[in-house]
Amino acid sequence: METKVSNAPDPYLSHWADAAATKTLAAHPEATRVTVAAGITPSGVVHIGNFREVITVDLVARALRDRGVDVRFIYSWDDFDVFRKVPKNMPKQALLAEHLGRSIVDVPDPYGEHDSYASHHIAAFEGSLAPLGIHPEFIRQSRRYRAGEYADGIRRALAQRDTIRDILNDARERTGARSRLPDDWLPLYGFCDACKRDTLEFTVLDDGDDARVGYKCTSCGHAAEVELARGGNIKLPWRVDWPMRWAAEQVAFEPGGKDHSSAGGSYDTAQHIVRDVYGGWAPEYVGYDFVRVKGRGGKISSSSGDVVTVADCLQIYEPEVLRWIFVGTRPNRELQISFDLDVIKLYEDYDRTRRLAYSAPAEGGKKAERAEKKRLAAQRTMQLSSVDHRRVEDGARMPFQPQFRHLSMILQIHDGDIDGALHYYEQTGEITDDEDRRLCRQRARCVWNWIERYAPPDFRYRIREAPITRALTPDQATVLGRLVAVLRARPDIDEPSLIPHMKTLCDDTELSNKDFFPLAYDLLIDRPKGPKLTTLVTTMGGARALALLSPSLG
RNA sequence: GGGCUCGUAGCUCAGUUGGCAGAGCGACGGACUUUUAAUCCGUUGGUCCCAGGUUCGAAUCCUGGCGAGCUCACCA
């Protein structure tokens, strides 16, 4: 009997990435090694929307490896594409504009840091993937093409150009397009060896074993013959390029944006081309929706101005939380990245899932069965969200991670001093080991970045640097005097000891704590409200508080 | 014109081979009072878009509508 891919899979493997893995294995039951692929054109800043492509593949790769499959994860940089438009967010617009019509790998880096425009954006993005635990095998298509590695792929496309044209025209017909490819259409694209522009008129000289094409450049008049086997600046157009590479790399899974996904779109025609021209098969496919950004401008588009990168997100989101946002959203749903107050909610949701993952197994009854299912799903979610793909084991201690809101308060009391905030959590006994410390530090960095760059003004405060004096009513003077007396007696008082004093502070006066607190906050942080006063005072230190509180007493 | 996705509580959404409609937030009530949109406990909440069909049984599968959004047909 043949072994099936499992009809009743491990209930733990219940994530959508696991379902995609099951489908992929079902399509290739004989494979010992499975190739999964992502690909992006670095035609501008590579943004968080592009990231969805990569993380989708990364998750499926993990799911496949969890089944014991040997996985090859390739990431194709389509850096041999043409530079069509100068993005508004680039420096040296005029310089870049001169290079329109050339390959992005032949356009200079306007920042002067890398060997090309493409390389600049590639380096930035690759650098931001590493902290997320994503390590694909990067392939630069410009190098493959120029080295002649796709010569046979191009030759076959030329030899069967009528088949390809028919497939593409059929798709146009089915979708009601007006135009058709002419009979002399060729599946070729490329750049002039002299002026580097894409204004070439091709002729096929030989589509057999010694395949050669000739071209004439309409920009500079240069004419040449290219032996495909030697490589050069000749490539296939996208709709043919994609299926050619599926066959070359034996790709078993590759997602695509929704713009590729509809009937008559590139995935549709590529499916036919890979089968009829290359004798291969199309990868299992997941179409994913776009990523929307909230709280930081609206649209993501590399050609318009404001883009949000993975690195931008990592300023605010821990790697695990950023992964979790993508892990928790099915690919076909639109996903939203927020920089406003929603950040807090996202962190709280993440923490809740995390607590559920570390909770004790539920037992007995059908209700418990459901709860157990959710607990396992939370564990799977946490594993896929983790950087090192470590599974949450039953009974494991959950490392400490401070609440976002609370940490934002502690950090502000410490003027953003992360070590100071860590010290606070060490004193409370919540940080107990290096892992706790690492997680706390990591979150503190994100919280502080958020406070400084995105938090609404209401959320921010600073402890006054210089004391001020306020005119006090007799009652206010009495109450403030009592607080000052307490702090003078014990400048190093801890919070539990201070709380009882707060309860008797206003005795025998017309005031209540509620009336008095605004004055205290005003003196300490120049605001009418603030974090819990006892936490504020004990965390900033009695001496520092005294210096700000006592001057008004005259 | 072709195609895809979605429509479930006030809001955001789960609901994975058809089997008692769920979570978070909100709202309401209570406790606490130690105030950034604090914490804890409790309550509330639904014509699963509509109409048919299959089935012992449908949010789930099929058909047909309605509504919303996206996408292709130029290039990548």
Practice problem: Check the angle between the aromatic planes of A:F83 and A:Y117 and answer parallel, tilted or perpendicular using the 30° and 60° thresholds. | Solution: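 Tilted: the ring planes of A:F83 and A:Y117 meet at 30° to 60°.
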Quiz item: Aromatic rings A:Y424 and A:H406: how do their planes relate, parallel, tilted or perpendicular, breaks at 30° and 60°?
Solution: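 The arrangement is tilted - the two ring planes meet at 30° to 60°.
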Quiz prompt | Partner residues of A:D351 under the salt bridge (Lys or Arg N to Asp or Glu O under 4.0 Å) criterion, sequence neighbours left out | solution =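 Partners of A:D351 by the salt bridge (Lys or Arg N to Asp or Glu O under 4.0 Å) criterion, ordered by chain and then number, come out as A:R443.
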Quiz item: What residues form a salt bridge (Lys or Arg N to Asp or Glu O under 4.0 Å) with A:R52, not counting sequence neighbours?
Solution: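 Counting only residues at least two positions away or on another chain, A:R52 forms no salt bridge (Lys or Arg N to Asp or Glu O under 4.0 Å).
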Exercise. Find which nucleotide of RNA chain B each of A:K514 and A:K373 is nearest to by heavy atoms, and output the residue with the more 5' nucleotide.
Key: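 It is A:K373, whose closest nucleotide lies nearer the 5' terminus.
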Quiz prompt | A:R172 or A:E495, whichever maps to the more 5' nucleotide of RNA chain B | solution =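 Its nearest nucleotide being more 5', the pick is A:E495.
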Measuring only the [atom1] atom in each nucleotide, how far is [N] from [M]? A whole number of Å is fine.
N     : M     : atom1 : answer
B:G45 : B:C61 : C1'   : 30 Å
B:U55 : B:A59 : C1'   : 16 Å
B:U44 : B:G22 : P     : 13 Å
B:G42 : B:U47 : P     : 26 Å
B:C11 : B:C50 : P     : 16 Å
B:U16 : B:G29 : P     : 36 Å
B:G15 : B:U71 : P     : 24 Å
B:A23 : B:G18 : P     : 24 Å

Practice problem: Output every pair passing side-chain hydrogen bond (donor to acceptor under 3.5 Å, both in side chains) with a member in residues 499-514 of chain A, not counting sequence neighbours, ordered by first then second residue. | Solution: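 Passing the test, one end in residues 499-514 of chain A: A:S512-A:D515.
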Under 4.0 Å between any heavy atoms, over every strand shown, what does [X] touch: base, sugar-phosphate, or nothing? Just pick one.
X      : value
A:P518 : base
A:S179 : sugar-phosphate
A:R84  : sugar-phosphate
A:R460 : nothing
A:N513 : base
A:H406 : nothing
A:S14  : base
A:F80  : nothing

Atom [atom1] of [X] to atom [atom2] of [N]: distance rounded to whole Å?
X      : N     : atom1 : atom2 : answer
A:D349 : B:C11 : CG    : P     : 18 Å
A:L335 : B:A14 : CG    : P     : 12 Å
A:H15  : B:A14 : NE2   : P     : 12 Å
A:L356 : B:G22 : CG    : P     : 17 Å
A:L168 : B:C74 : CG    : P     : 11 Å
A:H501 : B:U33 : NE2   : C1'   : 18 Å
A:I410 : B:U36 : CD1   : P     : 11 Å
A:Y521 : B:U34 : OH    : P     : 11 Å

Any strand: nucleotide that pairs with [N] via Watson-Crick or wobble, under 3.5 Å:
N     : answer
B:C48 : none
B:C20 : none
B:G3  : B:C70
B:G57 : none
B:A14 : none
B:U36 : none
B:A9  : none
B:C28 : B:G42

Find every protein N or O atom lying less than 3.5 Å from an N or O atom of nucleotides 1-9 of chain B, and list the pairs.
from	atom 1	to	atom 2	distance (Å)
B:G1	N2	A:T175	O	2.8
B:G1	N3	A:T175	O	3.4
B:G2	N2	A:S262	OG	3.2

Quiz item: Only one of A:F339, A:F459, A:Y347 clears ring pair (Phe, Tyr, Trp, His ring centres under 6.0 Å) with A:W450; which?
Solution: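 Only one of A:F339, A:F459, A:Y347 forms a ring pair (Phe, Tyr, Trp, His ring centres under 6.0 Å) with A:W450, namely A:F459.
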Quiz prompt | Near-ring test A:F191/A:F80, centroid separation under 6.0 angstrom | solution =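 Yes, they do, as the ring centres are separated by less than 6.0 Å.
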Self-check item: A:H260 ring center near A:W238 ring center (under 6.0 Å)
Solution: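 Yes, ring centres under 6.0 Å apart.
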Quiz item: If you check the A:R352 side chain, which of B:G24, B:A76, B:U35 turns out closest?
Solution: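 Ranking B:G24, B:A76, B:U35 by closest atom to the A:R352 side chain puts B:G24 first.
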Quiz item: Among B:A76, B:U36, B:C70, which nucleotide sits nearest the side chain of A:F290?
Solution: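 Output: B:C70.
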Using the 3.5 Å cut-off, write out each protein N or O paired with an N or O of nucleotides 37-41 of chain B and the distance between them.
from	atom 1	to	atom 2	distance (Å)
B:A37	OP2	A:K529	NZ	2.4
B:A37	O2'	A:R405	NH1	2.6
B:A37	O2'	A:R405	NH2	3.4

Exercise. Apply ring-ring contact (aromatic ring centres under 6.0 Å, His included) to A:Y521 and list each qualifying residue two or more places apart in sequence or on a separate chain.
Key: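 For A:Y521 there are no ring-ring contact (aromatic ring centres under 6.0 Å, His included) partners, ignoring immediate neighbours.
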Show me the donor-acceptor pairs, under 3.5 Å and distance only, between side chains in residues 175-184 of chain A and residues at least two apart or in other chains.
from	atom 1	to	atom 2	distance (Å)
A:T175	OG1	A:A171	O	2.9
A:T175	OG1	A:R172	O	3.3
A:S179	OG	A:R172	NH1	3.1
A:R180	NH1	A:A177	O	2.9

Self-check item: Polar side-chain contact A:Q336-B:U12 base: donor and acceptor under 3.5 Å
Solution: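 Looking at the base of B:U12, it does not pair with any donor or acceptor on the side chain of A:Q336 (distance under 3.5 Å).
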Quiz item: Got a salt bridge between A:E254 and A:R245, using NZ or NE/NH1/NH2 to carboxylate O under 4.0 Å?
Solution: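 Salt bridge flag = no for A:R245 with A:E254.
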Self-check item: By side chain to side chain donor-acceptor pair (under 3.5 Å) - contacts of A:N233 (at least two apart)
Solution: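 A:N233 satisfies side chain to side chain donor-acceptor pair (under 3.5 Å) with A:R146, A:D193 once adjacent residues are dropped.
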Quiz prompt | Partners meeting side chain to side chain donor-acceptor pair (under 3.5 Å) with A:D340 (sequence neighbours left out) | solution =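 For A:D340, the residues satisfying side chain to side chain donor-acceptor pair (under 3.5 Å) (neighbours in sequence not counted) are A:K294.
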